[in-house]
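Okay, so here's the structure we're looking at.
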Amino acid sequence: MTEQLIVENLVKYYPVKGGIIPHTVAQIKAVDGVSFTIEGGTTLGLVGESGCGKSTIGRQIVALEKPTSGSIIFDGEDITNLSSDQLQKKRTRLQMVFQDPYSSLNPRKKVFHILADPMIHHHICTKEDAPAKVDELLDMVGLHRSAKDRFPHEFSGGQRQRIGIARALALNPSLIVLDEPVSALDVSIQAQILNLLKDLKTKLGLTYLFIGHGLGAVRYISDRIAVMYMGKIVEMADADTLFSHPLHPYTKALRDAAPVPDPTLRDAVHEALSGEVGSVMDIPVGCRFQNRCPYARPECGSVEMALIEAEPGHFVACPYTAINTQGVSGTSTMSGTQFMADTQSVSGSDKSDTSNSDRQEKGGAAHV
Amino acid sequence: MEHLLDVQNLCVAFRGDDHRERTVVDHVSFQVNPGEILCIVGESGCGKSVTSLAIMNLLSRNGHITEGTVLFDGQDLTKLSAKELDKIRGSKMTMIFQDALTSLNPVFTVGKQVMESLRIHLGMAKDESVKRAVELLEKVGLPDPETMMRKYPHQLSGGQRQRVMIAIALSCNPKLLIADEPTTALDVTIQSQIMALTKNLIHELNMSMILITHDLGLVAEMADRVMVMYAGQIVETADVYTLFRSPAHPYTRALLGAVPSIYDEPDRQLVSIRGTVPENYEFLTGCRFADRCDSVCDNCREAAAGKTMYSAGENHSVRCILFSADNTRPNTSGHCTSCKEEVTSHD
């Protein structure tokens, strides 16, 4: 299977302006050296808590924003350096579905125009063919054909999300970024949309990047899942292995924190995670999870954690996982020191002004 | 056992722009026992929040209780004057909401807001209330409570704000805490912290709690007893283990089938409920879930259907004619004999 999307070392910093003469006083490191690939026809799930940078990645991939550095190679071409004309052509292949079905549809356009205008603009169809194409799209997403003569406000949340999906499908994309498409919907409607997305993927051979915070939904739709924490991927594995056999302490905490709809499991002892997510303006040196990690050790504060392949296809940004899972230090054969060789030491003074090239080197170890 | 809260036949109606009354909570009856956590679960618009606001008498101006009684600690809250209610609300019965930022006053410090209810309801002197407020903030797990007293709500994170809300709610040792989607706006790791904290405090202080949520995972984790609402009515009540083990109402069954979990088998197919939650549901005759139900038959659309709750076991009642005494159809995962061919036999 070929890789449809290769993201390498993606970095996105947002400047924070301040001072009497406005200048950049700090940077929000929303995404800080993220690399991953998505194979054609598969789904990568991206999970993490709010502010971890998962939506920022989605926006970079559909080229709504330019990354600070790094490359996004889609269908063999780096889309970060394209001119706007070239990007226009690429955009038909790269589409996005947004979280909020209320604000992502133009309230003054009828559904027909929401779906037909982009197709006509991109010469996917002519004005004459448009009605037939729109009917086809509405059938595909399970809406009645009469929907095309109505305005977005006349629909319920689930139906609006179907319109959003139809709009994304209108341009025959090969990759769709789904940014929390079911978070705003009721449980019974969520299942409808998730099943629809799954069916469309098989029918049209689509590739998805599914961004979400509901672990159950992400697990349901994804082939592979990447877990993000404060701008970095901390673990990435097959959807089945990630939650049945998590390696990173954060993934474990996330799994245990997610309420399971089965009361017989509620008395199972979970290690509750203490503390809260830190500020992305003030990222600690070394492991970003060290303040909350139940297994934190002094070395965690000095070593930048790179993503390493702990098991085939299972990547984790913690060198001590083997020890953590066994709960015994020193006896493990997959010792921490062996992994340490792969990671690079960062001195405290580099904290605020690590240069880009430095970052790229570090991220380089995290190739996937 | 004496019930702490006894709600009987509660009906709430709202007046729309067209001056027409719409009944959004329809003959809801339930009880909360001392020390019990009751979860009200349902989708948006099912009337679960309105029920809790009606209990607290906090309905907006265009809404009012049209029928029913709310007996709390022996007093009928629907008959009390505003002054009498003020004595109960915030002291014996308190509430926390989804959005802690809008529930806290942005221009007062956290300390002042925690002290307010202490001074009003318990008549504490200033020094005493400061001491008690610091204790409370410590109890809800806020770091460095003395500094926290001087902070304003915007300086806190979402999880911290919700902890402050809990501190305020618990300040007067209430008997009942109503929590309306308290963790919906929070991240999952923070949610688990807050819920664990709430559960511990409820048990420690021997309080009762009504938790309103749409998250069945949270219900499974927190509830002693569960009440499922659909379109303004209670459709099923049972203790939490029974509800998840043998859900009776087709809606509850479908809802449980629609929730993805990380412990699912890889090839599990989610069951989606067709259609959407009905609007203007007060005009529907018969069962309000009939249009979306897989076990529907002609009887479901008759006026009598959906009027009564039937017993589906001990302390387990359900609003579905499949469970009526004269029903001959199988009532678990079966289809109606008169409409559908396929019938699975009932054990």
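Chain letters run A, B, ... following the sequence lines, proteins first and then strands; every chain starts at 1.
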By a 4.5 Å heavy-atom criterion (distance strictly below it), what part of B:Gln191 contacts chain A: side chain, backbone, both, or neither? side chain

Proximal component of B:Met222, with respect to chain A [non-hydrogen, under 4.5 Å]: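 The backbone, not the side chain.
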
Is B:Glu221 reaching over with its side chain to a backbone N or O of A:Pro261, donor-acceptor style, under 3.5 angstrom? no

Backbone N or O of B:Leu270 within a donor-acceptor pair of the A:Tyr220 side chain at under 3.5 Å? yes

Assert top hit (heavy-atom pairs under 4.5 Å, partner chain A, pool B:Gly275, B:Gly45, B:Ala254, B:Gly257) equals B:Gly275

Counting heavy-atom pairs closer than 4.5 Å to chain A, which one of B:Ser157, B:Pro143, B:Gly141 comes out on top?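 Between B:Ser157, B:Pro143, B:Gly141, the count favours B:Ser157.
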
Compare every heavy atom of [Y] with every heavy atom of [X], then report the nearest pair and how far apart it is.
| X | Y | value |
| --- | --- | --- |
| B:Tyr241 | A:Pro263 | CE2-O, 3.6 Å |
| A:Ser156 | B:Thr276 | OG-CG2, 3.7 Å |
| B:Glu43 | A:Asp186 | OE2-CB, 3.1 Å |
| A:Ala217 | B:Pro260 | N-CG, 3.6 Å |
| A:Ala191 | B:Val271 | CB-O, 3.6 Å |

OH on B:Tyr263 to CG on A:Leu265, rounded to 0.5 Å: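 Result: 7.5 Å between the selected atoms.
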
So how far is it from B:His214 NE2 to A:Leu185 CG, rounded to the nearest 0.5 Å?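 Here the rounded value is 10.5 Å.
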
Answer whether the closest heavy-atom distance between the side chains of A:Arg266 and B:Lys199 falls below 4.5 Å. yes

Any side-chain heavy-atom pair of A:Asn195 and B:Gln269 under 4.5 Å: yes

Flag if over 12 foreign heavy atoms under 6.0 Å of [atom1], [X]:
| X | atom1 | result |
| --- | --- | --- |
| B:Asp17 | CG | no |
| B:Asn315 | CG | no |
| B:Glu204 | CD | yes |

Set of ring pair (Phe, Tyr, Trp, His ring centres under 6.0 Å) partners for B:Tyr251, sequence neighbours left out: B:Tyr230, B:Phe289

Set of ring pair (Phe, Tyr, Trp, His ring centres under 6.0 Å) partners for A:Phe243, sequence neighbours left out: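 None.
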
Checking heavy atoms, do the side chain of [X], its backbone, both or neither come under 4.5 Å from chain B?
| X | result |
| --- | --- |
| A:Arg255 | both |
| A:Leu194 | side chain |
| A:Asp240 | side chain |
| A:Ser50 | both |

Are there residues of residues 181-190 of chain B whose heavy atoms fall under 4.5 Å of chain A's heavy atoms? If so, which?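 Heavy-atom contacts from residues 181-190 of chain B to chain A are B:Asp187, B:Val188, B:Thr189, B:Ile190.
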
Polar contact flag, side-chain donor to acceptor under 3.5 angstrom, B:Arg292-A:Ser188: yes

Can you tell which of A:Arg292, A:Lys198, A:Gln190, A:Gln159 has the highest number of heavy-atom pairs within less than 4.5 Å of chain B? A:Arg292

Which residues pass the side chain to side chain contact (heavy atoms under 4.5 Å, CB included) test with B:Ala290, sequence neighbours left out?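 By the side chain to side chain contact (heavy atoms under 4.5 Å, CB included) rule, B:Ala290 matches B:Cys287, B:Val296, B:Cys300, B:Arg301.
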
